[in-house]
Amino acid sequence: MRVTYGVPLAPMTTLGIGGPAAAFVDLYDPADFPSFVEFAGTFPDTPVCLGTGSNVLVSDFGCSSAVVRMSTTGVRMAEETADGRTLIEVQAGHSLVDLVDMTIDEGLSGMEMLAGIPGTAGATPVQNVGAYGQEISDTLVEVTAWDWALGRSVTLDAAACGLGHRTSVFKGARRWTVLKLVFALRRSPLSTPVTHRAVAAELDVPVGSRVPLAEAARSVLVVRKGKGMVLGCCDTDRRSVGSVFLSPEVSPAQAERLRAQNAPVSDFPDGSTRVSASWLIRQAGFELSTPIVHGVRVSSLHYTLVADAGASAAGFTRAIDIVLEETLLRTGVRLIPEIDYLGEWKPGSGGR
Ligand SMILES: Cc1cc2nc3c(=O)[nH]c(=O)nc-3n(C[C@H](O)[C@H](O)[C@H](O)COP(=O)(O)OP(=O)(O)OC[C@H]3O[C@@H](n4cnc5c(N)ncnc54)[C@H](O)[C@@H]3O)c2cc1C
């Protein structure tokens, strides 16, 4: 295990923002984790965990605790369950894109709609990663994690992970470092039913159809690229965390009022009714590519925030606040940031 000190974290995040880590460990070998635990014990605070940095805003002041980047890779096909699903054990640092590709190649159905989502497998339960009708809660069986409060490794079944709409017990907690996960997928050449209208339109099939796995993934990628939601797919919006805000939950009265305005209001598997964050931002008067603060603007393809030259963490949080306040004023609905704030946030420097 190699420790480096004062390493800039900005290049390890997709926004390219953030100060240095007091101490940084890139963990490639699961067998090195006990050494990291021992090392992290020399710091007063729980370590910060990083995957590929595609959903984080790191403070300009960086992190005064140890930072571990989970770079452990590997997938092991395990046994079949009694109900005919195939179990797959995945190391935390394994790329989600590679995992989805592998499941498609293996003829396993259940993750194909997650094609193109950046990040590591270990980060997927943190916000119950999902898109286009599938989310990690559909296939997650269990998570093995280091519990920094108990000082030992624990196994949490999916129910114990508290997976909800872009949330879980892990979100914002810093108590656990996910080490490996088990997913269960069904052997089938066909996708789960296509529920997203844009994906169905791209496939030219009715909503509810099941299509070959690779076709489903290809169509999802086309739709995602159209919104700049695949990393590196467009020249203008390279520094992105995808959606900065999650689609907020609305009351039945709000839902009725918003539906009357033709807002995209949908019912979610967790029982919540939500309105599209992009629609709210647009409705509040923010146009594509609009600069919000120095170095932060609305994406040129999608109603989310992206970074340009000169961006800082303080500026990004200011931009979040501006969009949030204006949207609340204009639509009556409060947006909720989806990104995770990492590091030291001094008063007045932003963060949550
Ligand atoms: C272009 C783009 C499109 C996106 N589209 C989607 C989408 O469609 N749906 C969606 O849900 N998300 C989407 N995202 C957000 C992001 O891809 C996911 O949140 C992803 O799971 C983050 O993975 P990561 O490895 O980069 O995690 P990081 O950004 O490094 O970390 C995210 C959070 O997870 C924690 N974490 C990371 N690894 C571990 C671990 N091993 N153990 C414990 N905690 C850990 C971190 O501390 C942090 O709090 C998108 C992002 C981008 C840039």
Side-chain angles (χ1 to χ4, degrees), residues 9 12-18 27 30 33 36 46-58 63 65 67-73 90-100 113-137 143-148 156 161 163-181 196 199 220-221 223-225 227-234 237-247 277-278 299 301-302 304-307 337-343 352:
L9 290 171
M12 299 185 206
T13 72
T14 55
L15 279 178
I17 292 176
L27 201 106
F33 195 75
F36 175 71
T46 311
V48 164
C49 187
L50 205 58
T52 63
S54 64
N55 206 38
V56 295
L57 180 62
V58 177
C63 295
S65 53
V67 175
V68 61
R69 179 163 69 178
M70 295 305 284
S71 299
T72 50
T73 58
V90 189
Q91 292 296 322
H94 203 87
S95 144
L96 178 61
V97 166
D98 291 350
L99 177 63
V100 170
M113 307 296 181
L114 306 181
I117 301 181
T120 54
T124 58
V126 174
Q127 68 159 10
N128 186 20
V129 159
Y132 302 104
Q134 283 178 351
E135 44 188 25
I136 283 303
S137 56
V143 166
T144 300
W146 183 263
D147 184 330
W148 294 96
L156 304 176
C161 294
L163 304 165
H165 182 73
R166 302 298 160 268
T167 192
S168 72
V169 295
F170 307 109
K171 186 93 177 166
R174 259 172 83 174
R175 173 171 168 180
W176 297 273
T177 296
V178 174
L179 303 173
K180 60 183 183 182
L181 314 89
H196 199 276
V199 177
V220 165
L221 283 173
V223 174
R224 293 187 73 93
K225 283 179 183 169
K227 298 183 191 171
M229 289 295 272
V230 175
L231 272 184
C233 73
C234 78
D237 300 329
R238 290 191 169 275
R239 293 170 61 182
S240 157
V241 277
S243 302
V244 169
F245 301 98
L246 53 81
S247 294
S278 319
S299 150
L301 295 166
H302 188 44
T304 187
L305 296 173
V306 294
E338 178 184 306
I339 51 169
D340 291 340
Y341 297 85
L342 299 186
R352 297 291 183 277

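Counting begins at 1 with the first residue of the sequence. Remember, it's 1-based here, ligands and their atoms both numbered in the order they're listed.
Remark: Leu114 CG to Ile136 CD1 distance equals 5.5 Å, nearest 0.5 Å.
Closest approach of Thr167 and Asn128 over heavy atoms only: O-CB, 3.7 Å. Ala121 and Leu181 get closest at one heavy-atom pair: O-CD2, 3.6 Å.
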**Asked** Run the side-chain contact (heavy atoms from CB on, under 4.5 Å) check on Thr124 and Leu96 step by step: do they pass?
**Response** CA-CA 8 Å; Thr124 58; Leu96 178 61; 3.9 Å; yes
Measure from every N or O atom of ligand 1 to the protein's N or O atoms and keep only the pairs below 3.5 Å, writing each with atom names and distance to 0.1 Å.
from	atom 1	to	atom 2	distance (Å)
ligand 1	5 (N)	Arg224	NH2	2.7
ligand 1	8 (O)	Arg224	NH1	3.0
ligand 1	8 (O)	Arg224	NH2	3.1
ligand 1	9 (N)	Gly130	O	2.8
ligand 1	11 (O)	Gln127	NE2	3.1
ligand 1	11 (O)	Gly130	N	3.2
ligand 1	12 (N)	Gln127	NE2	3.1
ligand 1	17 (O)	Ser54	OG	3.1
ligand 1	17 (O)	Pro118	O	2.9
ligand 1	19 (O)	Asn55	ND2	3.4
ligand 1	19 (O)	Gln127	NE2	3.0
ligand 1	25 (O)	Thr52	N	3.0
ligand 1	25 (O)	Thr120	N	2.9
ligand 1	25 (O)	Thr120	OG1	2.7
ligand 1	26 (O)	Thr52	N	3.2
ligand 1	26 (O)	Thr52	OG1	2.6
ligand 1	26 (O)	Gly53	N	3.2
ligand 1	26 (O)	Ser54	N	2.8
ligand 1	26 (O)	Ser54	OG	2.7
ligand 1	29 (O)	Ser54	N	3.0
ligand 1	29 (O)	Asn55	N	2.7
ligand 1	30 (O)	Gly51	N	2.7
ligand 1	30 (O)	Gly53	N	2.8
ligand 1	41 (N)	Val178	O	3.1
ligand 1	42 (N)	Val178	N	2.7
ligand 1	47 (O)	Cys49	O	2.6
ligand 1	49 (O)	Asp340	OD2	2.7

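Taking the six-membered ring where tryptophan is involved, the planes of Phe36 and Phe33 are tilted, since the angle between them lies from 30° to 60°.
Partners of Thr72 by side-chain contact (heavy atoms from CB on, under 4.5 Å), not counting sequence neighbours, listed by chain and number: Leu27, Pro30, Met70, Gln91, Ala92.
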